[in-house]
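Every heavy atom of this structure was used, including side-chain atoms; hydrogens, water molecules and symmetry mates were not.
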Amino acid sequence: MVDIRLIRENPELVRKALENRQMGQELLEEILQLDAQRREALQIVEQKKAERNSISSEIARAKASKDNSRAQSLMDRAKEISSEVKELDVRTSQIEEELRQKMLYLPNIPSEKTPVGRSESDNIVVRTWGEPGKPAFEVKPHWDFGPETGLIDFERAAKLSGARFVILRKDLARLERAIMNFMLDLHHSKGYEEVALPFMVKRETMLATGQLPKFEEEAYRIEPDDMFMIPTAEVPLVAQHGEEIIDGELPRKYTAYSACFRREAGSYGKDVRGMIRVHQFDKVELVWFTHPDFSYDALEQLTADAEDVLRKLKLPYRVVALCTGDIGFASAKTYDLEVWLPSYNTYREISSCSNVEDFQARRANIRFRDIDNKLKFVHCLNGSGLAVGRTLVAIIENYQREDGRIDVPEVLVPYMGQEVIG
RNA sequence: GGAGAGAUGGCCGAGUGGUCGAAGGCGUACGCCUGGAGAGCGUAUGACGAGCAAAACUCGUCCGUGGGUUCAAAUCCCACUCUCUCCGCCA
């Protein structure tokens, strides 16, 4: 949620933000109009209420001094005002609700640090790490490797659940578990508090983090209970502190494993082969709650922590700063980590690290007490550290040997108890 | 699923119709005391919204949520949500 006062006092800033996001201005205009209406209605109703209140206390005084006729005439007057107040209240809260609904659809204002651009092609490569290998043989894409070795079973997954699901078997199932444990252990060693969370959440939880109301068609909904399967652990990880005043030191750093569920509506043609884009995948997530003054330092640190996973796995990657036209709804600034995938002969997203500033904290009402003793909204950051399925793919393709088997990355050997699979 | 108990400020906890936004305590901030710290003493300390150039100012709202009764609701009535205890079922 964007601060309504900021919108009111600095609409040009919001106008520019929407423009940079390649979005229309209509929503902003509606919000400005509703805000003006709301304040006008508020002033009228509050004045009436003040009148009612003062008569009410006069009644109390009249009754105390046994002046019953005076009390009665005041009560008649108060009754009139009260019914006026009731009407005005209804009108005011209608406007307020309408405004609130519109506000929920307004995206975050991109940071000044976010490069301005129209689309993906305007993103900026910030740095590159490692060299894509140049094997003398042809690397098998994971969608061939998997079925041929029997370690990935797309057919039976489709039998169970339809397209875009995957079954991992034997060493690959174990490798995935090893990857998760390795990531969680690494983050834990850096001071992240590990959390195990619900994968199903209430509607209001999805609202708090910004997945709803705008992106409902992207989420799996559990009809009878109006709950949602989480699209990322970010949702419960952030919302756990909803309606709280965080006590103790900031930043708070959390890491959690979760399965993630996405309908992938509107991406029918994309990545139909393999397990790059599936409806259910595993991910290890990182979330920070920080003081507003330090959230951009925190973004660098969080990104570095996610990068460290790739470095320790010795997977070549690059860091991309997303432009204003490409960052997510809630984000003010985002770095994507992209890992080298031989099957695509390019880098593909494996992590997305964002500073959403106070956007989620406003929705979820997450505050802290600053040194000046004032309550302020925290800044929230989230990033994948990393998407486990895509890490698995990256290992299959980057660690492939000429004999078609896969070397286990050194850091995972202790978790696997073996050095080669396949 | 059945039965009961509860939900009040950052926290604990009093308060059953009219100066209650709410006693008391803890915590926090400042001051005194001290070589320094602690203890002790004193003072202050809810949130949100609107008005104003701004406010230490004024007004409004808020005692789980939503309705209702009343001139007036933390307090009375109804519904719901959540938490806890017990019973049943279950991984």
Spacing between A:R8 atom CZ and B:C52 atom P, to the nearest angstrom: 11 Å
Earlier contact from the 5' end, RNA chain B, for A:I245 and A:K79: A:I245
Here the distance between atom C1' of B:A72 and atom CZ of A:R61, to the nearest Å, is 14 Å
Tell me whether A:E46 is salt-bridged to A:K49, with the criterion being a basic N under 4.0 Å from an acidic carboxylate O. no
A:K86 side-chain N/O to B:U69 phosphate OP1/OP2 under 4.0 Å: yes
Within the 4.0 Å heavy-atom criterion, would you say A:R77 contacts the bases, only the backbone, or no part of the nucleic acid? nothing
Considering only atom P, compute the distance from B:U58 to B:A73 and round it to an integer number of Å. 23 Å
Would you check if there is a donor-acceptor pair between the side chains of A:Y254 and A:E234 at a distance under 3.5 Å? no
Over how many whole Å does the gap from A:D76 atom CG to B:A72 atom P extend? 12 Å
Rounded distance in Å between the C1' positions of B:G9 and B:G21: 9 Å
Contacting residues from residues 33-51 of chain A, given that a heavy atom lies under 4.0 angstrom of RNA chain B: A:R38, A:R39, A:L42, A:Q43, A:E46, A:K49, A:A50
Are A:N53 and B:C59 close enough that a side-chain N or O sits under 4.0 Å from OP1 or OP2? no
A:L375 atom CG is separated from B:A29 atom C1', nearest whole Å, by 14 Å
Is there a side-chain contact between A:N365 and the phosphate of B:C48, meaning an N or O under 4.0 Å from OP1 or OP2? no
Measuring only the C1' atom in each nucleotide, how far is B:G27 from B:G13? A whole number of Å is fine. 14 Å
How far, in whole Å, is B:A74 from B:C63 if one measures between their C1' atoms? 5 Å
Parallel, tilted or perpendicular, judged at 30° and 60°: which one describes the rings of A:Y415 and A:F182? perpendicular
If I pick the P atom on B:G10 and the same atom on B:C78, what distance separates them, to the nearest angstrom? 30 Å
Kindly indicate, with the supporting measurements, whether the criterion side chain to side chain contact (heavy atoms under 4.5 Å, CB included) is fulfilled by A:I327 and A:F329. CA-CA 7 Å; A:I327 58 171; A:F329 178 75; over 6 Å; no
Output field dot_bracket for RNA chain B (Watson-Crick or G-U, both distances under 3.5 Å, | for other-strand pairs) contains (((((((..(((.....[.....)))((((((.......))))))((((((.....)))))).(((((..]....))))))))))))....
Over 60° means perpendicular and under 30° means parallel, so classify the ring planes of A:F165 and A:H279, tilted if in between. tilted
Tell me whether the side-chain N/O atoms of A:R100 come closer than 4.0 Å to OP1 or OP2 in B:G49. no
Distances under 3.5 Å only, N/O to N/O: pair up the protein atoms with those of nucleotides 18-20 of chain B.
residue : atom : partner : partner atom : Å
B:G18   : O6   : A:K63   : NZ           : 3.4
B:G18   : N2   : A:S56   : O            : 3.4

Flag the pair A:R118 / A:C323 as yes when at least one side-chain heavy-atom distance between them is below 4.5 Å, and no otherwise. no
C1' atoms of B:U65 and B:U81, separation to the nearest Å: 7 Å
Has A:E40 got more than 12 heavy atoms of other residues, nucleotides or ligands less than 6.0 Å from its CD? no
Salt bridge check: are A:K314 and A:E410 linked by an N-O gap of less than 4.0 Å? yes
P atom, B:U28 versus B:A22: distance in rounded Å? 24 Å
Once you round it to whole Å, what is the distance between P of B:A47 and CG of A:D370? 14 Å
Using atom CZ of A:R203 as one end and atom C1' of B:C82 as the other, report the distance to the nearest whole Å. 19 Å
Can you check whether A:R369 has a side-chain N or O nearer than 4.0 Å to OP1 or OP2 of B:A29? no
Counting only heavy atoms not in A:K79 (residues, nucleotides, ligands), do more than 12 fall under 6.0 Å from its NZ? no
Around atom CD of A:Q47, are there more than 12 heavy atoms from other residues, nucleotides or ligands closer than 6.0 Å? no
Scan A:I81 against the nucleic acid and name what it touches under 4.0 Å (heavy atoms): base, sugar-phosphate only, or nothing. nothing
Nucleotide B:U70, atom P - distance to CD of A:E80 in whole Å: 16 Å
Is the shortest distance from a Lys or Arg side-chain nitrogen in A:R52 or A:E84 to a carboxylate oxygen in the other one below 4.0 Å? no
Quick one: does NZ or CZ of A:K333 land under 6.0 Å from the six-membered ring centre of A:Y335, within 45 degrees of the ring axis? yes
Between A:E204 (CD) and B:G66 (C1'), how many Å, whole number? 14 Å
Side chains of A:D336 and A:S352: any donor to acceptor distance under 3.5 Å? yes
